[in-house]
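See structure below.
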Amino acid sequence: MPYATHPDDERAAMLDAVGVGDPDELFDIPDSVRFDGDYGIDAHSERAARSAVEGILDESADMTEFLGGGHYDHYVPSVVDHLSLRSEFLTSYTQYQPEVTQGFLQALFEFQSLVVELTGLGVANCSMYDRATALGEAALLADRVRAADGDRVLVPDSLPDRIRSVLDNYTDGPDIGVDTYPTHAGTVDVDALVDCIDGDVSMVYAATPNARGLLEPDLSAVGDIADDHDALFCVGSDAVALSLLEPPESYGADVVVGDASVLGLPTTYGMGLGLFACREDFLRQVPGRLVGAAEDAAGNRAYTLTLQTREQHIRRERATSNICTNQAWLALRAAMHAAWLGPDGLVDLAETCVTGIADACERIDALDGFAAPVYDGHHFREALVDCPDPAAVVDACRDAGVALRTVTDDGETYLAVCVTDTNHEQVDELVDALASHGGGV
């Protein structure tokens with residue numbers, strides 16, 4: 001048994017060697033966060049514990065969700081669970097030993113290939129934690145590779161707080177400033193961006209679809225503005241949307257970050273899967289793991305982790321990133337889902353994200369007191385809806401078993417509605433809830 005605990009005599013010998021009498025002395029935990037008490041949890045049998053947990057879960061309301069906001073639910077084929085739960089895949093272990101992990105490495109190589117094809121860029125890593133950490137890494141990459149001095153990153157004023165918070169944490173240490181540029185009518189205000197940018201900007205970030213569900217109409221102009229000031233242009237998107245949109249490389253993107261958990265994962269409201277791609281010029285500055293294709297001693301195609309001298313297990317504090325693992329198993333699931341759908345199936349899924357929200361907005365707009373969407377333009381998955389007292393509408397709909405959220409934009413509060421392939425059949429329920437409760441608040 002490789003995980004057997006050490007016997008008392010071995011533990012005593014190790015503690016004596018480092019000069020302490022108790023393992024607790026090895027940990028400097030401040031009193032303010034140290035727990036020194038009883039958890040107050042009685043011992044249960046497995047059957048009793050399951051029954052207790054099921055009872056707690058049964059108290060959760062059975063809601064039909066139209067929430068969105070960065071958490072998007074798509075149907076995951078059962079084959080993804082059946083294959084990814086095989087014992088040779090179900091591990092958090094990094095695939096350092098290619099001689100025993102060829103299958104997993106090949107799947108990660110396919111994930112990278114998928115991201116490269118969707119983005120049009122030359123290189124992609126085999127996953128990040130989520131969109132927010134991928135954006136943070138993009139800011140650090142821009143700071144490293146920019147030829148001229150530059151210590152500011154520009155992001156839209158609609159960037160969600162949870163992403164901005166992570167970006168601020170990433171940029172605090174190297175003293176990179178994060179400033180916002182204005183949006184207008186839900187999309188980038190190109191003229192205002194021109195006024196915001198100057199020679200000390202290292203990167204400009206824009207997302208499509210953006211935080212309001214809109215597809216940005218003029219990203220080429222944003223890329224040109226960034227290029228004119230020798231700043232990198234970073235585009236945020238997701239793996240489903242990219243299957244329908246023009247590859248970001250075609251309109252000047254240097255780096256693409258985003259969300260790949262829209263494939264292979266149900267809505268988790270926490271755990272994610274980030275994607276990261278960039279121009280091949282930045283190959284040795286890419287954060288995280290890279291899987292490469294090579295040949296073994298017999299001349300057969302083989303896969304291995306490559307360019308590891310970028311990483312912290314070798315370069316320590318001089319590494320390009322302090323990411324010490326990746327979301328390999330989730331990337332495996334995303335690759336399986338994409339392969340199962342195929343190119344046509346992926347595009348079909350993306351098209352439902354366009355038609356579904358368009359149809360829902362048309363029906364909501366026909367209701368008395370509602371206007372949808374708030375902003376003109378092409379929407380993907382989600383859109384804002386104007387109505388009297390949106391917070392009260394959310395509460396009333398919750399009582400009817402429909403989950404919505406509010407968004408404040410430019411000082412006004414709106415409903416946000418998200419429609420995907422997993423809830424589009426419940427749009428009738430949504431419209432009925434709005435008609436019954438929204439007009440009466």
Does [X] reach the side chain of [Y], with side-chain heavy atoms less than 4.5 Å apart?
X	Y	result
Gln426	Phe66	yes
Leu167	Tyr205	no
Gln102	Pro98	yes
Thr420	Val262	no
Leu118	Ser243	yes
Pro217	Thr187	yes
Glu351	Val347	yes
Cys234	Val257	yes

Give a yes or no answer on whether the side chain of [X] reaches the backbone of [Y] with a donor-acceptor pair at less than 3.5 Å.
X	Y	value
Thr268	Met271	yes
Gln95	Leu305	no
Arg164	Val178	yes
Thr180	Val155	no
Gln285	Thr320	no
Asn210	Gly186	yes
Asn423	Glu65	yes
Ser158	Ala211	no
Thr413	Thr408	no
Asn125	Pro287	yes

Please report the interatomic distance [atom1]([X]) to [atom2]([Y]), rounded to the nearest 0.5 Å.
X	Y	atom1	atom2	answer
Leu121	Cys278	CG	SG	7.0 Å
Asp36	Asp24	CG	CG	9.0 Å
Leu85	Leu90	CG	CG	6.0 Å
Leu332	Cys126	CG	SG	11.0 Å
Leu108	Gln327	CG	CD	11.5 Å
Asp259	Ser237	CG	OG	9.5 Å

Between [X] and [Y], which heavy-atom pair has the shortest distance, and what is it?
X	Y	result
Leu275	Ala239	CD2-N, 4.2 Å
Cys397	Leu404	SG-CD1, 4.0 Å
Ala134	Met128	CB-CG, 4.0 Å
Tyr375	Tyr414	OH-CE1, 4.5 Å
Ala277	Val115	CB-CG1, 3.9 Å
Gly288	Ser321	N-CB, 4.5 Å

Query raised in the report: After noting the C-alpha distance and the side-chain angles of Thr267 and Tyr72, does the key distance pass the side chain to side chain contact (heavy atoms under 4.5 Å, CB included) rule?
Result: CA-CA 6 Å; Thr267 304; Tyr72 306 114; 5.9 Å; no

Requested in this report: Evaluate the criterion side chain to side chain contact (heavy atoms under 4.5 Å, CB included) for residue pair Tyr170 and Leu135; output intermediate values, then yes/no.
Outcome: CA-CA 9 Å; Tyr170 264 79; Leu135 178 57; over 6 Å; no

Query raised in the report: Would you say the side-chain atoms of Thr422 and Asp73 include a donor-acceptor pair closer than 3.5 Å?
Result: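 Looking only at side-chain atoms, Asp73 and Thr422 do form a donor-acceptor pair, the distance falling under 3.5 Å.
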
Query raised in the report: If we ignore angles and hydrogens, is there a donor and acceptor under 3.5 Å between the side chains of Asp168 and Ser165?
Result: no

Tell me whether the count of non-hydrogen atoms from other residues, nucleotides or ligands lying under 6.0 Å of [atom1] in [X] goes above 12.
X	atom1	result
Glu10	CD	yes
Gln308	CD	yes
Phe35	CZ	yes
Glu46	CD	no
His44	NE2	yes
Asp9	CG	yes
Arg144	CZ	yes
Arg162	CZ	yes

Any Lys/Arg nitrogen of [X] or [Y] sitting under 4.0 Å from an Asp/Glu carboxylate oxygen of the other?
X	Y	value
Asp359	Arg363	no
Asp238	Arg381	yes
Arg398	Asp395	yes

Tell me which donor-acceptor pairs under 3.5 Å the side chains of residues 244-256 have, and how far apart each pair is, sequence neighbours excluded?
from, atom 1, to, atom 2, distance (Å)
Ser250, OG, Pro247, O, 2.6
Asp254, OD1, Arg279, NE, 2.7
Asp254, OD1, Arg279, NH2, 3.1
Asp254, OD2, Phe233, N, 2.8

**Report entry** Matching residue for Arg333 among Leu273, Leu263, Asp81 - test: side-chain contact (heavy atoms from CB on, under 4.5 Å)
**Finding:**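 One option only clears the test, and that one is Asp81.
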
Query raised in the report: Should the ring pair Phe109 and Tyr303 be called parallel, tilted or perpendicular, given that the plane angle runs from 0 to 90° and is split at 30 and 60?
Result: tilted

Query raised in the report: Hey, mind stepping through Val204 and Ile225 against side chain to side chain contact (heavy atoms under 4.5 Å, CB included) and telling me if it holds?
Result: CA-CA 9 Å; Val204 178; Ile225 294 168; 6.0 Å; no

Check: residues 49-64 side-chain donor-acceptor pairs under 3.5 Å, at least two apart:
from, atom 1, to, atom 2, distance (Å)
Ser60, OG, Leu57, O, 3.3
Thr64, OG1, Glu429, OE1, 3.3
Thr64, OG1, Glu429, OE2, 3.3

Requested in this report: Apply side chain to side chain contact (heavy atoms under 4.5 Å, CB included) to Arg212 and Thr183, showing your working.
Outcome: CA-CA 11 Å; Arg212 304 297 175 248; Thr183 55; over 6 Å; no

